[in-house]
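Here the structure comes first, spelled out in structure tokens, and everything after it is commentary.
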Amino acid sequence: MTAADASALVDRLTAVVADFPKPGILFRDITPVFADAEAFGVVCAELAEPFEGAFTAVAGIEARGFALAGGIGAQTGTGVLTVRKAGKLPGEVLSESYALEYGEATIELRPGQLPRGSRVLVVDDVLATGGTAEASITLLERAGYEVVGVAVLLELDGLGGRDRLASRVPVHAISSAPA
Ligand SMILES: O=P(O)(O)OC[C@H]1O[C@H](OP(=O)(O)OP(=O)(O)O)[C@H](O)[C@@H]1O
Ligand SMILES: Nc1ncnc2[nH]cnc12
């Protein structure tokens, strides 16, 4: 399958929900991509493709990034790190707070799970303002890892996410849509 085919697949399967989780937000629900076995395999391969050979672990961002990181980890034989919402991880954690398209959040990472210098690909479903991905990069770098890129299923245009990340790491989006 070509990159254009994968993009068309994401567009066809993504559900658009108005006024969720808040009035005025056009929510892009990508979970039908996970439910379709063939599509799920295709998008995991397509997310990793530009970074082939460059990463030794995949970091998934809670919650939908976890499924994608698991799929990529299984396909590429790499381990999975979980970047979690605050309060979910036991023991020592690193924390970063940031603003979202629809609110504020804090995410956390357990340090010390992989050797320092491990090369990590960050994956998530949607890139909107880029706040979540940028905070994830910061957490992973604070833990001593090298972030090789951010890969998402869908990039929302006009919210500045790509520009926000571009000075730090390469950004790969399978598809894009208006915010
Ligand atoms: O680019 P940003 O503006 O930071 O937005 C993108 C983030 O927002 C969504 O997660 P959400 O916070 O809704 O959490 P969930 O996946 O747990 O539902 C999405 O899954 C990304 O993680
Ligand atoms: N509009 C949106 N749809 C789905 N996930 C999002 N994360 C941030 N904005 C989003």
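Note: hydrogens, waters and symmetry copies are ignored here, and every other heavy atom, side chains too, is used. Counting convention: from 1, in listed order, for ligands and their atoms alike. Just so you know, these numbers come straight off a predicted model, no measurement behind them.
The shortest contact between atom 13 (O) of ligand 1 and any protein heavy atom is with Tyr102 OH, 2.6 Å. Looking only at heavy atoms of the protein, atom 17 (O) of ligand 1 is closest to Lys85 NZ, 2.8 Å. Protein heavy atom nearest atom 1 (N) of ligand 2, with residue, atom name and distance: Leu26 O, 2.9 Å. For atom 8 (C) of ligand 2, the closest non-hydrogen atom on the protein side is Glu101 OE1, 3.3 Å. In terms of protein heavy atoms, atom 6 (C) of ligand 2 is closest to Tyr102 OH, 3.6 Å. When hydrogens are left out, the protein atom nearest atom 3 (N) of ligand 2 is Arg28 N, 2.9 Å; that is the closest non-hydrogen contact.
Ala39 and Leu13 make their closest contact through CB-CD1, 3.5 Å (heavy atoms, listed as atom of the first residue, atom of the second, distance). Across all their heavy atoms, Ala69 and Val80 have their closest contact at O-CG2, 3.4 Å. Pairing each heavy atom of Asp29 with each of Pro32, the nearest pair is O-CD, 3.3 Å. Taking each heavy atom of Leu140 and Leu109 in turn, the nearest pair found is CD2-CD2, 3.7 Å. The minimum heavy-atom distance between Gly41 and Gln75, with the atom names listed, is O-NE2, 3.0 Å.
The ligand atoms of ligand 2 that sit less than 4.0 angstrom from a heavy atom of Ala128 are 8 (C), 9 (N). For ligand 1, the atoms sitting less than 4.0 Å from at least one non-hydrogen atom of Asp125 are 19 (C), 20 (O), 21 (C), numbered in the order shown with element in parentheses. The distance from ligand 1 to the heavy atoms of Val126 drops below 4.0 Å at these ligand atoms: 6 (C), 21 (C). Taking every heavy atom of Thr129 and a limit of under 4.0 angstrom, the matching atoms of ligand 1 come to 1 (O), 2 (P), 3 (O), 4 (O). Each of the atoms 4 (O), 5 (O), 8 (O), 12 (O) of ligand 1 lies under 4.0 Å from some heavy atom of Leu100.
Arg168 and Thr138 share a side-chain donor-acceptor pair at under 3.5 Å.
On a distance-only criterion, Val126 and ligand 2 share no N/O pair closer than 3.5 Å. Remark: ligand 1 and Ala128 share an N or O pair separated by less than 3.5 Å (distance only, no angle test). The shortest N or O to N or O distance between Gly130 and ligand 1 is below 3.5 Å.
Contact annotation: for Asp124 versus ligand 1, heavy atoms closer than 4.0 Å belong to the side chain alone. Within the 4.0 Å heavy-atom criterion, the part of Leu156 lying near ligand 2 is the side chain and not the backbone. Residue contacts with ligand 1 for Thr132 involve both N, CA, C or O and side-chain atoms from C-beta outward (heavy atoms, distance under 4.0 Å).
Side-chain N or O atoms of Asp19 include one that pairs as donor or acceptor with a backbone N or O of Gly24 at under 3.5 Å.
Under the 4.0 angstrom criterion for non-hydrogen atoms, Glu134 is not in contact with ligand 1. Residue contact annotation: Ala133 has no non-hydrogen atom under 4.0 Å from ligand 1.
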Practice prompt. Please assess Leu139 against Val83 for the test side-chain contact (heavy atoms from CB on, under 4.5 Å), listing each intermediate value before the final yes or no.
Written response: CA-CA 8 Å; Leu139 280 180; Val83 176; 4.1 Å; yes

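Using a 4.0 Å cut-off between charged nitrogen and carboxylate oxygen, Glu108 and Arg84 do not count as a salt-bridge pair. Ion pairing between Arg119 and Glu146 fails under the 4.0 Å rule for side-chain N and carboxylate O.
With rounding to the nearest 0.5 Å, the separation of OG in Ser175 from CG in Leu153 is 9.0 Å.
The heavy atom nearest to atom 9 (C) of ligand 1, out of those in Arg84, Arg64, Glu155, Glu62, is found in Arg64.
The same ILVMFWY cluster, assembled from side-chain heavy atoms under 4.5 Å apart, contains both Val10 and Met1.
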